[in-house]
Amino acid sequence: MVSTKFLWGAASAAYQVEGAWQADGKGLSNWDLYTNVYRATETVTGKHETGNVAINAYDRAQYLQDIALMRELGINCYRFSLSWARILPDGVGRVNEAGIAHYQQFVVDLLEAGIEPIVTLYHWDLPRALDDRGGWQNRESVGWFRNYASVVREALGAKVSKFITFNEPFIDLFLIEPMIENIKSGVGSPFAITDAQYGHQAMALHHWLVASAETIGDFRAAGYRGEIGVALPLMPTIPENPGKSEDIKAAALADAVINRWCLDALFKGRYPIEVMTLFRQLSPEFAPFEADFAILAANKPDFLGVNFYAPAFVRQADSAPLGYDWMNTNPDPEPAAFNGPVRPDYLRRLLERIRDEYDNPAIYITENGAGFGPSDEVMDGDTVHDPRRANYIRRHIEAALKAKENGVDLRGYMVWSLFDNFEWLHGYGRRFGLVHVDFDTQKRTPKRSFDTYRDIVANGGVTVPG
Ligand code: NOJ
């Protein structure tokens, strides 16, 4: 079942693309509430936007056209996530057969087009019923997730050869969810995240990691023949002022929290000492975890999914959580990329570091991509000029393939994203797609970066200057 060809693909997530928020017996999710009830995007962007329709990817007539575009692009895999609330409307208990049937059909349609489905189980949308029970703070979440994952395995496991348990723990739990909490409380800036919130979220991250390991164990025990891994947001940290000891210390701490915490958990079955000390101070429940560490150590992932956008310049900043700031430090001139400084060589270095420090695991780049705002989305008739995105993608693929040449066990590359879509708290204002979407009409228009990526894929990864 496991193939050895290099995978070229694109990635997406259910809430960002599906729409159909109340179709076919789907339950409500946390994001349905964040957007419709708390109007979360409005606080951040001034515009009230939701994923209720998104890019209509739930609709079969629409997604068949989208698959036709994937074929045109020449990709051989597509990463997407499942909406847990479509499958188990209450999070646990009753299974919604219509939700299962939808994903089974989608998988069959992809396979018929020669495209391997890569399924993320959790990309940030939790059934509302579980959110009401404390969500990931509640240790019972481990059991909820295992149950959901086993329903999915039984429904899709025979046809899907790669699963990803969780997407981007750090970004969801330490950035987005605390911002939502601040929006709900209505006090201060959504970005004013505190140490106390970090302390609280540390337990949620612990539960994700245990749930992921237990699920990996369950898949193996059930005889699943494919591969199962985790997708992490990895950001090499660079002291903003390399001559300043405070920034050097801050960058080291940020590295422990953002990168090493999850990497050590997945591949070494423990947490870095700095993480143990720091979060023990912030949360009395944090540790000891010996029994849980044994679970992590016994259930390592088959592969690591690397989501890479940018390194982070880090400065000491007393007002920021844990005393460091990495979000307001991008030195690039405008228009800067939404997700940080463009430094492709840090992707190569990151991959080589993982090779050296984590015993050369199998790696897929499960996300890489960029948006630069309206000046890089220029519509000219039916052509969308986005030279910065095209350049970004080309340079990052070159860097990744260089790492592969240098011995990294790199097995695939997925661009974020094939289509413009709903960018969480930034709504529809941040476009990352290779294909432009008119959100009013759902019209798809491939951008110039689509041609760039198509040519790279057709050349087996050889990029041409442009
Ligand atoms: C990472 C997330 O996984 C994805 O959902 C998001 O849209 C992209 N980064 C772009 O910010």
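Indexing begins at 1, ligand by ligand and atom by atom, following the structure's order.
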Taking the six-membered ring of [Y] (Phe, Tyr or Trp), confirm whether the NZ or CZ of [X] is under 6.0 Å from its centre and within 45° of its axis.
X	Y	value
Lys268	Tyr358	yes
Arg411	Phe6	no
Arg444	Phe419	yes

TODO: Using the test side chain to side chain donor-acceptor pair (under 3.5 Å), find all partners of Gln104 that sit at least two apart in sequence or belong to another chain.
DONE: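 Scan of Gln104 (side chain to side chain donor-acceptor pair (under 3.5 Å), adjacent residues dropped) gives none.
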Open item on the list: Applying the side chain to side chain contact (heavy atoms under 4.5 Å, CB included) criterion to Lys447, which one of Val384, Thr383, Thr452 satisfies it?
Closed with: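 That would be Val384.
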Put together the list of close N/O pairs, under 3.5 Å, between ligand 1 and the protein, could you?
from     : atom 1 : to     : atom 2 : distance (Å)
ligand 1 : 3 (O)  : His123 : NE2    : 3.1
ligand 1 : 3 (O)  : Asn167 : ND2    : 2.9
ligand 1 : 3 (O)  : Glu367 : OE1    : 3.2
ligand 1 : 3 (O)  : Glu367 : OE2    : 2.8
ligand 1 : 5 (O)  : Gln16  : OE1    : 2.7
ligand 1 : 5 (O)  : His123 : NE2    : 2.8
ligand 1 : 5 (O)  : Trp424 : NE1    : 2.8
ligand 1 : 7 (O)  : Gln16  : NE2    : 2.9
ligand 1 : 7 (O)  : Trp416 : NE1    : 3.4
ligand 1 : 7 (O)  : Glu423 : OE1    : 2.6
ligand 1 : 9 (N)  : Tyr309 : OH     : 3.3
ligand 1 : 9 (N)  : Glu367 : OE1    : 3.3
ligand 1 : 11 (O) : Asn339 : ND2    : 2.9
ligand 1 : 11 (O) : Glu423 : OE2    : 2.5

Open item on the list: Checking side-chain polar atoms at under 3.5 Å, does Asn76 have a donor or acceptor matched by the opposite partner on Arg71?
Closed with: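 There is no such pair (donor and acceptor under 3.5 Å, judged by atom type) between the side chains of Asn76 and Arg71.
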